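This report concerns only the one structure given below.
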Amino acid sequence: AAAIKSRLKVIFCVGETLLEKRKKITKQILSKQIIKGLNKIKNKKNILIAYEPVWAIGSGLIPIKSELLETVNFIKGKVNGAKVLYGGSVNSKNINTLKNIDNIDGFLIGGASQDSNNFIDIIKKTYN
């Protein structure tokens, strides 16, 4: 709330654990996170939501395309007009797959950004 009040851009991260994914309660978990985290924020235009499945972070694994489409659409439906980024093992090997998922508005690059050559490769592949 303080960041929004100060007119800063905020990246609000949501995501489920592997156990929650296996129990097929991803939408329930994300809904709870969004409601709890954003319920007192009236003006959400400076908020980007990053979908970062906990089970994917640092694992090299990413959700399949149909899961990502469905999950990102779900998030956008919960927060009208939200821009949704994907984060969670984004790297130079999977960026071509990820960039072709139409409803993702961008990427939150974690560990792969620590190596400048790798990060530059991700950027180049994103725009080519």
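Computed from a predicted model, the values in this text were never measured in an experiment.
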Any chance CG of Asn39 has more than 12 other-residue heavy atoms, nucleotides or ligands included, within less than 6.0 Å?
yes

Test item: Ser6 side-chain N/O and Ala3 main-chain N/O as donor-acceptor pair under 3.5 Å
no

Counterpart residues, salt bridge (Lys or Arg N to Asp or Glu O under 4.0 Å), relative to Lys32 (two or more places apart):
none

For a 4.5 angstrom cut-off between non-hydrogen side-chain atoms, does Cys13 reach Leu108?
yes

Do Leu48 and Leu38 share a hydrophobic cluster, counting only Ile, Leu, Val, Met, Phe, Trp and Tyr and linking them when any side-chain heavy atoms are less than 4.5 Å apart?
no

Cluster check Tyr127, Ile101: I/L/V/M/F/W/Y, side chain < 4.5 angstrom:
yes

Does Val79 reach the side chain of Ile47, with side-chain heavy atoms less than 4.5 Å apart?
no

Close side-chain approach of Lys21 to Ile29, heavy-atom, < 4.5 Å
no

Heavy-atom donor-acceptor pair, Ser89 side chain to Ser59 backbone, under 3.5 Å:
yes

Measuring from Asn46:CG to Leu8:CG, what's the distance to the nearest 0.5 Å?
8.5 Å

I need the minimum non-hydrogen distance between Trp55 and Pro63, along with the two atoms involved.
CH2-N, 3.6 Å

So with a 6.0 Å cut-off around NZ of Lys44, is the heavy-atom count from everything else above 12?
yes

Side-chain contact, heavy-atom cut-off 4.5 Å: Glu16 with Ile25?
no

Closest approach of Tyr51 to Tyr86 (non-hydrogen atoms, all atoms of both residues)
O-CD1, 3.4 Å

As a quick check of understanding, evaluate side-chain contact (heavy atoms from CB on, under 4.5 Å) for Val90 and Ile95, giving each step before the final call.
CA-CA 6 Å; Val90 177; Ile95 192 65; 3.8 Å; yes

Minimum-distance pair of heavy atoms, taken over all atoms of Gly87 and Pro53:
O-CD, 3.5 Å

Those residues at least two apart in sequence (or on a different chain) that pass salt bridge (Lys or Arg N to Asp or Glu O under 4.0 Å) with Lys27 are Glu70

Of all heavy-atom pairs linking Glu52 and Gly88, the shortest is OE2-N, 3.8 Å

Is a donor on one side and an acceptor on the other found under 3.5 Å between the side chain of Gln33 and the backbone of Gly15?
yes

Starting at CG of Asp115, measure out to CD1 of Ile120 and round the result to the nearest 0.5 Å.
9.0 Å

Minimum side-chain heavy-atom gap Val54-Leu18 below 4.5 Å:
no

Spell out, as yes or no, whether a donor-acceptor pair under 3.5 Å connects the side chain of Asn103 to the backbone of Leu69.
yes

What I'd like to find out is whether the side chain of Val84 reaches to under 4.5 Å of the side chain of Thr71, using heavy atoms alone.
no

Tell me every residue that passes side-chain contact (heavy atoms from CB on, under 4.5 Å) with Asp121, counting only those two or more places apart in sequence or in another chain.
Ser92, Lys125

Tell me whether Ile104 shares a hydrophobic cluster with Ile109, the cluster being built from Ile, Leu, Val, Met, Phe, Trp, Tyr side chains joined at under 4.5 Å.
yes

I need the Leu98 CG to Lys93 NZ distance, nearest 0.5 Å.
14.0 Å

Would you say that more than 12 heavy atoms from the other residues, nucleotides or ligands in this model lie under 6.0 Å from the CG of Asn80, or not?
no

Could you check if a side-chain atom of Ile123 sits within less than 4.5 angstrom of a side-chain atom of Thr126, using non-hydrogen atoms only?
no

CD1/Ile34 to CZ/Phe74 distance, rounded to the nearest 0.5 angstrom?
6.5 Å

With rounding to the nearest 0.5 angstrom, report the CG to CG distance, Leu68 to Asn73.
10.5 Å

Could you see if Ile41 belongs to whatever hydrophobic cluster contains Leu85? Use Ile, Leu, Val, Met, Phe, Trp, Tyr and a side-chain cutoff under 4.5 Å.
no

Separation of Thr17 OG1 from Lys23 NZ (nearest 0.5 Å):
8.0 Å

Is Ile49 linked to Leu30 within one hydrophobic cluster, defined over Ile, Leu, Val, Met, Phe, Trp and Tyr using a side-chain heavy-atom separation of less than 4.5 Å?
yes

Please test Asp105 against Lys76 for side-chain contact (heavy atoms from CB on, under 4.5 Å), starting from the C-alpha separation and ending with a verdict.
CA-CA 11 Å; Asp105 298 305; Lys76 287 183 175 191; 3.0 Å; yes

Measure the shortest side-chain to side-chain distance between Phe107 and Lys99 over non-hydrogen atoms and say whether it is less than 4.5 angstrom.
yes

